[in-house]
Amino acid sequence: MAFHHCSIQQEDGTVVAKDVTVSVEETDHDGVAGWYGTLTVTHLAVLTAGERYKLVLDNGQTGDFTVRRNTFAGGQDRAVAIQGVGPLR
């Protein structure tokens, strides 16, 4: 998995979070490119399971994603499992 810093936007372009750490794994299933990952965000970042967001990576790549699981284990940070919708561009 590759680690990046990124920003997260809602579909209307509103920035939800910036300078977020994300691990990204790109996949290829039968010639169809995809990706998934895990975000590390503070408890203040509002990311709702099932909602669609846009990821903007520090290397310029972007991709839409949905939140699969939002795990809060106490403390300030939490892990958010995401699933790409289409390829990273």
Side-chain angles (χ1 to χ4, degrees):
M1 285 195 155
F3 287 88
H4 296 275
H5 282 96
C6 67
S7 64
I8 301 166
Q9 302 174 358
Q10 293 176 324
E11 288 188 276
D12 66 2
T14 302
V15 175
V16 175
K18 15 183 198 181
D19 200 28
V20 172
T21 301
V22 62
S23 60
V24 176
E25 181 71 26
E26 293 188 71
T27 62
D28 187 332
H29 294 286
D30 297 326
V32 177
W35 62 279
Y36 62 92
T38 303
L39 299 165
T40 303
V41 295
T42 70
H43 68 287
L44 299 175
V46 178
L47 295 171
T48 306
E51 293 289 323
R52 193 168 176 156
Y53 299 93
K54 178 182 237 171
L55 187 75
V56 180
L57 298 176
D58 54 9
N59 67 3
Q61 288 183 294
T62 64
D64 293 340
F65 71 92
T66 58
V67 174
R68 291 179 34 198
R69 187 176 57 253
N70 196 341
T71 304
F72 182 68
Q76 295 294 316
D77 292 336
R78 58 190 172 159
V80 179
I82 62 174
Q83 179 66 52
V85 178
L88 285 171
R89 307 177 274 298

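All residue numbers in this chain count up from 1 along the given sequence.
The backbone N or O of Trp35 lies less than 3.5 Å from a partner atom in the side chain of Gln83, making a donor-acceptor pair. Proximity of a side-chain donor or acceptor of Arg69 to a complementary backbone N or O of Val67 within less than 3.5 Å is not detected.
Scanning for side chain to side chain donor-acceptor pair (under 3.5 Å) contacts around Asn59 gives Gln61, with sequence neighbours left out.
Annotation: side chain of Phe3 is not in contact with side chain of Thr38 (no heavy-atom distance under 4.5 Å). A 4.5 Å side-chain heavy-atom check between Leu88 and Val24 finds at least one atom pair inside the cut-off. Proximity of Val16 to Gln9: side-chain heavy atoms (C-beta onward) are nowhere separated by under 4.5 Å. Looking only at side-chain heavy atoms (C-beta outward), Val15 and Ile8 stay at 4.5 Å or farther from each other. Proximity of Leu39 to Thr21: side-chain heavy atoms (C-beta onward) are nowhere separated by under 4.5 Å. Val85 places a side-chain heavy atom less than 4.5 Å from the side chain of Thr66.
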Using distance only, find each side-chain donor-acceptor pair of residues 45-56 under 3.5 Å and give its atom names and separation, not counting sequence neighbours.
residue, atom, partner, partner atom, Å
Arg52, NH2, Asp64, OD2, 3.3
Tyr53, OH, Thr48, N, 2.9

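The nearest pair of heavy atoms linking Ala2 to His4 is CB-NE2, 3.8 Å.
Sorted by first and then second residue, the salt bridge (Lys or Arg N to Asp or Glu O under 4.0 Å) pairs involving residues 29-49 (not counting sequence neighbours) form an empty list.
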